[in-house]
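Contents: one structure, followed by commentary.
Heavy atoms only: backbone and side chains are in, while hydrogens, waters and symmetry mates are out.
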Amino acid sequence: MTRNDGRLSMLERVWLVLDAFRPTGGPLRLVDVAERCHLPKSTALRLLADLGELGVVVRKEGRYYLGRRLFELGSIVPLERDLRHGALPIMHDLYQATGATVHLGVRDGLDVVYVEKIQRPESPSLPSAVGGRLPLTCTGVGKALLAHAEAELLEEVLNRPLRRLTPYSIVDHARLEGEIRRIRTSGVAYEREEARLGIACIAAPIFRGDTVVASVSIAAPANRFHPARLAPAVKTAALGVSRALLKAL
């Protein structure tokens, strides 16, 4: 939203406040919310108080968190509900088979949003977080989604500057186009240190009918990344989730 505070509707202001809690859900101070939303503190305080009365936001020891009401609503969104229900058992199998961190992501605009993640407590730090987002072009999950999305989306991406998260992020449009063609041919997407140095990823798309709706991936230290061994497991997992979604139709 680019309009100034005076031209924002009440609904837009409420959404700004809720969106400020990405990617962790809190805790945030009042000043944090006001700064992230570019709103006066008095306005942010009033909106937080109203959301608190509805149970959408909770306040503990002077800090604000997203409330359970949002989780309850999110859990009944049909596609996300069916997706997580179908994906979780298969994600656990993939995790047990590979020992790698397993992600499930969906597209939102030009970003991938992570809706589920399974990892060992001692796993290396990753830039992904449930509810968090990263550019489509810097992640295996995102590139798998982009490769099988409508042509208009790829055209939009190629008409914008590509974001760089590490020195290995793809910022050349011709190189990205070549990678998209390879993904469509092979059925898997690779990401090598493009979102976080030292981490590599392999992903495969999940379909509901003929439409790509999500992507599943595994991420591991780049020095222990073995695509030839991991690719079949990821593709099998993605196919299993796609079949589960078809049964849910």
Side-chain angles (χ1 to χ4, degrees), residues 22-25 71 74-75 77-108 111-136 138-148 165-166 168 183 186-208 212-248:
R22 292 181 187 272
T24 62
F71 173 79
S75 66
V77 175
L79 176 58
E80 280 71 13
R81 179 196 61 214
D82 294 344
L83 179 61
R84 291 185 75 254
H85 179 75
L88 270 173
I90 296 170
M91 290 177 67
H92 278 287
D93 288 345
L94 184 60
Y95 169 75
Q96 293 295 333
T98 64
T101 297
V102 182
H103 293 107
L104 180 68
V106 298
R107 184 178 69 84
D108 183 27
D111 293 334
V112 56
V113 175
Y114 293 91
V115 297
E116 195 58 74
K117 179 180 179 180
I118 303 173
Q119 68 177 127
R120 299 183 188 278
E122 68 275 14
S123 296
S125 174
L126 298 175
S128 56
V130 174
R133 60 177 61 218
L134 288 170
L136 289 173
C138 295
T139 63
V141 171
K143 285 190 281 187
L145 289 165
L146 182 60
H148 297 279
L165 299 183
T166 78
Y168 298 100
I183 295 168
S186 67
V188 291
Y190 296 101
E191 176 260 303
R192 296 177 174 85
E193 301 189 83
E194 296 165 44
R196 173 65 57 85
L197 292 176
I199 300 296
C201 174
I202 183 169
I206 294 168
F207 293 89
R208 195 172 202 177
V212 64
V213 294
S215 178
V216 64
S217 76
I218 54 175
N223 59 0
R224 300 204 304 269
F225 189 63
H226 305 290
R229 178 173 65 85
L230 297 173
V234 177
K235 291 178 71 173
T236 299
L239 180 60
V241 181
S242 297
R243 288 173 174 168
L245 289 178
L246 274 181
K247 293 178 182 178

Smallest separation among heavy atoms of [X] and [Y], with atom names:
{"X": "A195", "Y": "C138", "answer": "CB-O, 3.4 Å"}
{"X": "L145", "Y": "V213", "answer": "CD2-C, 4.3 Å"}
{"X": "A87", "Y": "L104", "answer": "CB-CD2, 3.7 Å"}
{"X": "V141", "Y": "A203", "answer": "N-CB, 3.5 Å"}
{"X": "A214", "Y": "V106", "answer": "CB-CG1, 4.0 Å"}
{"X": "P205", "Y": "S242", "answer": "O-OG, 4.4 Å"}

Mind checking whether [X] and [Y] have side chains closer than 4.5 Å, heavy atoms only?
{"X": "P227", "Y": "Y190", "value": "yes"}
{"X": "L245", "Y": "I206", "value": "yes"}
{"X": "L165", "Y": "P135", "value": "yes"}
{"X": "V188", "Y": "K235", "value": "yes"}
{"X": "L136", "Y": "D111", "value": "no"}

Partners of [X] by side-chain hydrogen bond (donor to acceptor under 3.5 Å, both in side chains), sequence neighbours excluded?
{"X": "K117", "value": "Q119, S128"}
{"X": "D108", "value": "R133"}
{"X": "S217", "value": "H103"}
{"X": "R192", "value": "none"}

Main-chain N/O of A204 paired to S215 side chain as donor or acceptor, under 3.5 Å: yes
Under the side-chain contact (heavy atoms from CB on, under 4.5 Å) test, residues paired with Y168 that sit two or more places apart: T166, E193, E194, L197
side-chain contact (heavy atoms from CB on, under 4.5 Å) involving I90 - partner list, sequence neighbours excluded: A237, V241
Just verifying a value: how many Å separate [X] [atom1] and [Y] [atom2], rounded to the nearest 0.5 Å?
{"X": "L134", "Y": "R196", "atom1": "CG", "atom2": "CZ", "value": "9.0 Å"}
{"X": "H226", "Y": "I202", "atom1": "NE2", "atom2": "CD1", "value": "12.5 Å"}
{"X": "I118", "Y": "L88", "atom1": "CD1", "atom2": "CG", "value": "6.0 Å"}
{"X": "I199", "Y": "F225", "atom1": "CD1", "atom2": "CZ", "value": "10.5 Å"}
{"X": "M91", "Y": "T101", "atom1": "CE", "atom2": "OG1", "value": "10.0 Å"}
{"X": "H148", "Y": "K143", "atom1": "NE2", "atom2": "NZ", "value": "13.0 Å"}

Side chain to side chain contact (heavy atoms under 4.5 Å, CB included) assessment of V115 paired with V130: CA-CA 5 Å; V115 297; V130 174; 5.8 Å; no
R120 charged N/C atom sitting above Y95 aromatic ring, 6.0 Å / 45°: yes
